[in-house]
Number of protein chains: 2
Amino acid sequence: MTAPSFRNWQSVQDEVLRRIHAREWKPGDLIPNEADLAIEFGCARTTVNRALRSLAQNGLLDRKRRAGTRVAAQPVAKATLDIAIIRNDITDRGQKYGYQLLQSRTIVPPPAISGAMKTGAGQPLLHVMALHLADDAPYALENRWINTAVVPQALDVKFDTSSPNEWLLQNVPYTNGEIAFSAKMASRDEADVLACLSQSALFKMDRLTWDNGQSVTKVQILFAPGYQMRTEL
Amino acid sequence: MTAPSFRNWQSVQDEVLRRIHAREWKPGDLIPNEADLAIEFGCARTTVNRALRSLAQNGLLDRKRRAGTRVAAQPVAKATLDIAIIRNDITDRGQKYGYQLLQSRTIVPPPAISGAMKTGAGQPLLHVMALHLADDAPYALENRWINTAVVPQALDVKFDTSSPNEWLLQNVPYTNGEIAFSAKMASRDEADVLACLSQSALFKMDRLTWDNGQSVTKVQILFAPGYQMRTEL
DNA sequence: CATGCTAATATGTATGCACATAACATCATT
DNA sequence: AATGATGTTATGTGCATACATATTAGCATG
């Protein structure tokens, strides 16, 4: 039997994938170590390492030092979502983007919000509500709080032509954050703004971002009925 | 000024991240090339490459051959969601997992479904409905179609103690698929099963998986009100 | 002026080697 | 038998080097 010779890490990855799909290596199985695979594939161990590392990152393999590499018993599907700027989301689909500022003012927020943001209780936040439109139809309602202590420049920005969504993403750095997705029944006001029936089921995204331990902003985005967030596996 | 010397790719990555956050390198800026950075950091180009490659994968840098590396103008936040097996989702939170089969039968599906699955029109599918419970409360309703042409073994499985969700993930390989998330108003039947009010807003996940061009399964999972899908940024 | 060839350049990747590190196995000690 | 020291092993990473490849700039040619 001639060694087929897999010279680059992509083809090594493909071959490993093939064996997993063909169930030559079953979930839970320990696969040969890098050195052996390198010999079998006729390439350097580095190359095998690169291929396996990549597969591990995608959740198809579990790797542990000394213990070896095994096929993930329960392939946790990792879906990568691209949380784009809403404007791009819309224009990428060939629709016309529209924007409308609903409200912008500085307030001392109710405890629930400053609690989530872990700001001081009396800390004033900038509160902005805006509507994103696709082909003139309401698309998403942005409800945002900005920590003025961290982002004082925000106070000088009139969010009347472009959304806080865009401005913050382009002007304010952050180190980490969290996102949560859920479903919410439309309140009367929300239904009004989004031009849908009250009690409609809306897709909701909550996002909290931080910069070196200081909370930057909290946003809730409510999408008009029919919105879908999609991704490949 | 002494060169701080960043010896491993993680610390190089951290330093690059720091510069991005500190806006020493602003969005859209072209950053020094790998060779120069390697000299500055006192490490090999390979190490810089590893760091930058990783950052590019996370969407913070845009890299092009010959054109160089620049800070992403619009940092598309990439959120990676771990779509776990529902049982794990529940037990990981320290709750008791429960399962209940509602229905299982072979049917010729309505055109809408076979259309989405791109199976032959008259192709019979196995249809299974099941309920997942957390601490005895309804948690999610699984509504699944399985392509019996591709997965004939499924016909022999009684899904009375463990869900198709688990069985398929552990027994049937797939090459690719797609996931969509959305919100849906609970129908009367759905509300009944999930023990919630009719018209509640439910978080919905639709998933379609393929194996080498053949559709394997299509599933719709409706989560009981209150469900949140979370992830770090 | 348009077009196409060519050279320069930055990233992409393969390789052999070395050493670091985690985790397990084994054996000795108590 | 429990505990701890020690060695072994597989992955993790760094480095120097070489070559591959995409893309751009510049030049030459029609």
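We name chains A, B, ... by the order of the sequence lines, and we start the count at 1 in each one.
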Value in whole Å for how far the [atom2] atom of [N] lies from [atom1] of [X]:
| X | N | atom1 | atom2 | answer |
| --- | --- | --- | --- | --- |
| R63(A) | dA23(C) | CZ | C1' | 15 Å |
| L61(A) | dG12(D) | CG | P | 10 Å |
| D62(A) | dT11(D) | CG | C1' | 14 Å |
| R50(B) | dT13(C) | CZ | C1' | 14 Å |
| F41(B) | dG14(D) | CZ | P | 13 Å |
| L37(B) | dA10(C) | CG | P | 12 Å |
| Q57(B) | dT11(C) | CD | P | 17 Å |
| I31(A) | dT11(D) | CD1 | C1' | 12 Å |

ask   = Considering heavy-atom distances to DNA chain D, does Q10(B) or G68(A) have its closest nucleotide positioned more toward the 5' end?
value = G68(A)
task = Between L52(A) and C43(B), just flag the one whose closest nucleotide in DNA chain D comes earlier from the 5' side.
result =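 Its nearest nucleotide being more 5', the pick is L52(A).
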N/O donor-acceptor pair, side chain [X] with base [N], under 3.5 angstrom:
| X | N | value |
| --- | --- | --- |
| R7(A) | dA14(C) | no |
| R45(B) | dT13(C) | yes |
| R66(A) | dT8(D) | yes |

ask   = So does K204(A) pair up with D206(A), basic N to acidic O under 4.0 Å?
value =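 D206(A) and K204(A): salt-bridged.
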May I ask you to evaluate whether [X] reaches the phosphate of [N], defined as a side-chain N or O under 4.0 Å from OP1 or OP2?
| X | N | answer |
| --- | --- | --- |
| R53(B) | dT11(C) | no |
| T69(B) | dT11(C) | yes |
| N49(B) | dT11(C) | no |
| T46(B) | dT13(D) | no |

request  = Run through R65(B), R63(B), R50(B) and flag the one making a salt bridge (charged side-chain N to carboxylate O under 4.0 Å, His left out) with E34(B).
outcome  = R63(B)
Taking the inter-plane angle between the rings of [X] and [Y] on a 0 to 90° scale, is it parallel (under 30°), tilted (30 to 60°) or perpendicular (over 60°)?
| X | Y | answer |
| --- | --- | --- |
| H132(B) | Y97(B) | tilted |
| F159(B) | W167(B) | perpendicular |
| F203(B) | Y227(B) | tilted |

message = If you only use heavy atoms from C-beta on, which nucleotide in dA22(C), dA14(C), dT11(C) is closest to the side chain of R65(A)?
response =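 Looking only at side-chain atoms, R65(A) lies closest to dA22(C).
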ask   = Between dG12(C), dG12(D), dT15(C), which nucleotide has the shortest distance from any of its atoms to the side chain of E34(A)?
value = dG12(D)
